[in-house]
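Structure first, then comments.
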Amino acid sequence: MKYGNEIMNKDPVFRISPRSRETHPNPEEPEEEDEDVQAERVQAANTLTTPNLTEEPVITASCLHKEYYDRKKSCFSTRKKKIAIRSVSFCVRKGEVLGLLGHNGAGKSTSIKMITGYTKPCAGVVVLQDSRTLVRQQHDNSLKFLGNCPQENSLWPKLTMKEHLELYAAVKGLGKEDAALSISRLVEALKLQEQLKVPVKTLSEGIKRKLCFVLSILGNPSVVLLDEPFTGMDPEGQQQMWQILQATVKNKERGALLTTHYMSEAEAVCDRVAIMVSGTLRCIGSIQHLKNKFGKDYLLEIKMKEPTQVKALHTEILKLFPQAARQERYSSFMAYKLPVKDVHPLSRAFFKLEAVKQTFNLEEYSFSQATLEQSKQCEASPDVDVGTTLLVQPVVSESQLKESA
């Protein structure tokens with residue numbers, strides 16, 4: 001491997017052959033791409049062909065393509081081909097968390113596996129920036145640049161949490177003092193002191209995910225790959241991990257790729273989001289960019305002191321905003337979707353709402369640009385129930401309303 005030669009001949013018993021280092025052009029040309037996806041593809045291609053870039057991405061994936069074939073094959077039929085990834089390109093910049101958002105089967109985990117080398121792409125190229133510099137400069141520390149949190153917990157049941165942390169620190173080349181300091185900080189930040197000496201097999205699933213997350217960022221790797229790391233976590237644990245991830249990556253020479261099902265999670269953690277559907281990228285950009293591009297509405301949420309005023313308040317809202325569509329209604333809570341044209345200028349909209357608040361003695365109101373999740377929900381039906389969304393069920397609490405108001 002050091003000199004670029006094949007290290008294993010084809011074994012006559014086990015039929016093991018070395019993996020080819022060749023890359024193949026993508027067999028398909030992308031059609032009808034979003035302009036942002038097309039621009040990302042061009043940037044990824046330029047990164048590979050332009051030497052000595054001033055701002056080289058941490059991860060560059062160019063035209064990744066992956067196909068699988070059914071194992072069953074009969075005399076009367078050929079094996080069916082399934083395309084898992086279709087010409088996907090993206091870059092993860094330094095100091096950035098890029099989110100891959102999509103349903104099960106969209107191709108998120110396959111993308112992660114191709115980047116780690118666990119799965120070989122049928123076509124396309126993946127380049128991790130520090131893999132070249134670290135291997136060239138110091139072979140002993142080449143493992144330090146990559147941190148990976150797979151979807152399945154890769155843990156030893158009989159080892160304790162402390163033993164896992166010490167083992168991974170040693171593999172990543174940390175000295176005893178540096179390892180002890182890093183471990184103590186991460187354990188304290190995630191409040192794992194009580195579980196340190198407990199065998200992993202007795203831990204809850206949420207604690208196991210915390211451990212996998214800590215193992216992935218231990219040693220401050222330059223490239224962090226996180227495949228649904230927050231699954232099964234309680235809200236407090238999620239907040240802790242979100243903060244640590246942002247502190248690890250933000251304004252530093254590091255980058256992270258995160259896969260998730262949840263738009264709310266992507267909005268909370270990611271600097272940019274790439275939405276995947278059936279193995280292809282449909283759109284990519286910052287949260288605000290995607291809101292401006294696909295979000296067509298504002299969201300008005302009202303909490304009343306007197307539930308008996310619901311009908312009169314509804315009539316007044318329709319007078320002020322004729323195109324308003326009510327989305328939810330509870331005993332003392334109502335939510336409306338307001339088209340952008342009814343809202344601007346914002347100063348005028350807030351002036352109207354303040355007058356309504358005084359007239360109807362409202363407890364509080366919230367007026368905000370709809371999130372991507374809420375926009376998709378609103379497009380489905382004007383009176384859709386709160387549980388019917390694209391990816392996740394939103395939860396509206398009084399504390400959230402107070403903060404937003």
Side-chain angles (χ1 to χ4, degrees), residues 58-59 95 97 109 112-113 115-118 128 130-131 134-135 138-250 252-260 265 269:
V58 175
I59 302 174
V97 179
S109 296
I112 291 279
K113 289 178 180 179
I115 292 172
T116 60
Y118 182 82
L128 306 182
D130 281 0
S131 65
L134 283 172
V135 171
Q138 39 186 330
H139 296 283
D140 295 336
N141 294 328
S142 59
L143 285 173
K144 293 174 64 175
F145 84 93
L146 179 63
N148 181 32
C149 179
Q151 192 172 4
E152 303 82 12
N153 296 328
S154 300
L155 304 171
W156 292 279
K158 294 183 180 180
L159 293 187
T160 65
M161 181 182 293
K162 184 178 180 182
E163 289 169 337
H164 275 87
L165 293 168
E166 291 174 346
L167 176 58
Y168 269 73
V171 169
K172 293 186 177 186
L174 297 180
K176 287 188 177 181
E177 293 183 1
D178 292 337
L181 182 60
S182 298
I183 290 172
S184 63
R185 286 177 176 175
L186 290 170
V187 166
E188 184 178 355
L190 288 172
K191 301 178 182 179
L192 298 173
Q193 295 91 335
E194 296 181 0
Q195 291 85 13
L196 268 180
K197 298 183 179 180
V198 178
V200 165
K201 63 182 178 181
T202 63
L203 298 176
S204 66
E205 289 303 314
I207 299 298
K208 289 179 182 178
R209 291 309 288 168
K210 279 188 178 183
L211 175 57
C212 290
F213 173 74
V214 170
L215 295 176
S216 69
I217 64 173
L218 186 62
N220 294 324
S222 299
V223 180
V224 182
L225 305 173
L226 305 169
D227 195 358
E228 299 181 21
F230 312 123
T231 303
M233 297 297 304
D234 58 87
E236 183 180 0
Q238 281 185 342
Q239 292 284 345
Q240 293 168 353
M241 293 168 71
W242 291 352
Q243 292 172 4
I244 291 176
L245 176 59
Q246 290 178 322
T248 301
V249 176
K250 205 70 174 176
K252 296 178 182 174
E253 297 290 305
R254 307 186 187 107
L257 180 64
L258 167 74
T259 71
T260 178
E265 190 171 279
V269 182

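All residue numbers refer to positions in the sequence shown, counting from 1.
Counting non-hydrogen atoms of neighbouring residues, nucleotides and ligands closer than 6.0 angstrom, the CD atom of Glu194 reaches no more than 12 such neighbours.
Separating the CG atom in Leu128 from the CG atom in Leu225 is a distance of 7.0 Å, to the nearest 0.5 Å. With rounding to the nearest 0.5 angstrom, the CE atom of Met233 is 4.5 Å from the NZ atom of Lys210. Note that CD1 of Ile183 is 8.5 Å distant from CG of Leu196, once rounded to the nearest 0.5 Å. Distance CD1/Ile207 to CE/Met161: 6.0 Å, rounded to 0.5 Å. Ile244 contributes atom CD1, which lies 5.5 Å from atom CD1 of Ile217 (distance to the nearest 0.5 angstrom). Between the OG atom in Ser154 and the OH atom in Tyr168 there is a gap of 6.0 Å [rounded to 0.5 Å].
Every residue two or more places apart in sequence or in another chain that forms a side chain to side chain contact (heavy atoms under 4.5 Å, CB included) with Asn153 is listed here: Leu155, Glu205, Lys208, Arg209, Cys212.
Across all their heavy atoms, Pro199 and Thr202 have their closest contact at O-OG1, 2.8 Å. Across all their heavy atoms, Leu226 and Pro229 have their closest contact at CB-CG, 3.7 Å. Nearest heavy-atom pair, Gln151 versus Ser109, reported as atom, atom and distance to 0.1 Å: OE1-OG, 2.9 Å. Shortest non-hydrogen contact noted between Ser182 and Leu218 is CB-CD1, 4.0 Å. Minimum interatomic distance between Val249 and Gly255 (heavy atoms only, all atoms of both residues): CG1-CA, 4.1 Å.
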One pair to check against side-chain contact (heavy atoms from CB on, under 4.5 Å): Arg254 and Val58. What are the steps and the verdict? CA-CA 7 Å; Arg254 307 186 187 107; Val58 175; 6.0 Å; no
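Here the side chains of Leu245 and Phe230 are in contact, with some heavy-atom distance below 4.5 Å. Put simply, the side chain of Val200 does not reach to within 4.5 Å of the side chain of Trp156, judged on heavy atoms. The shortest distance between side-chain heavy atoms of Leu165 and Val187 falls below 4.5 Å.
Put simply, the side chain of Ser216 never gets that close to the backbone of Gly147: no donor and acceptor are under 3.5 Å apart.
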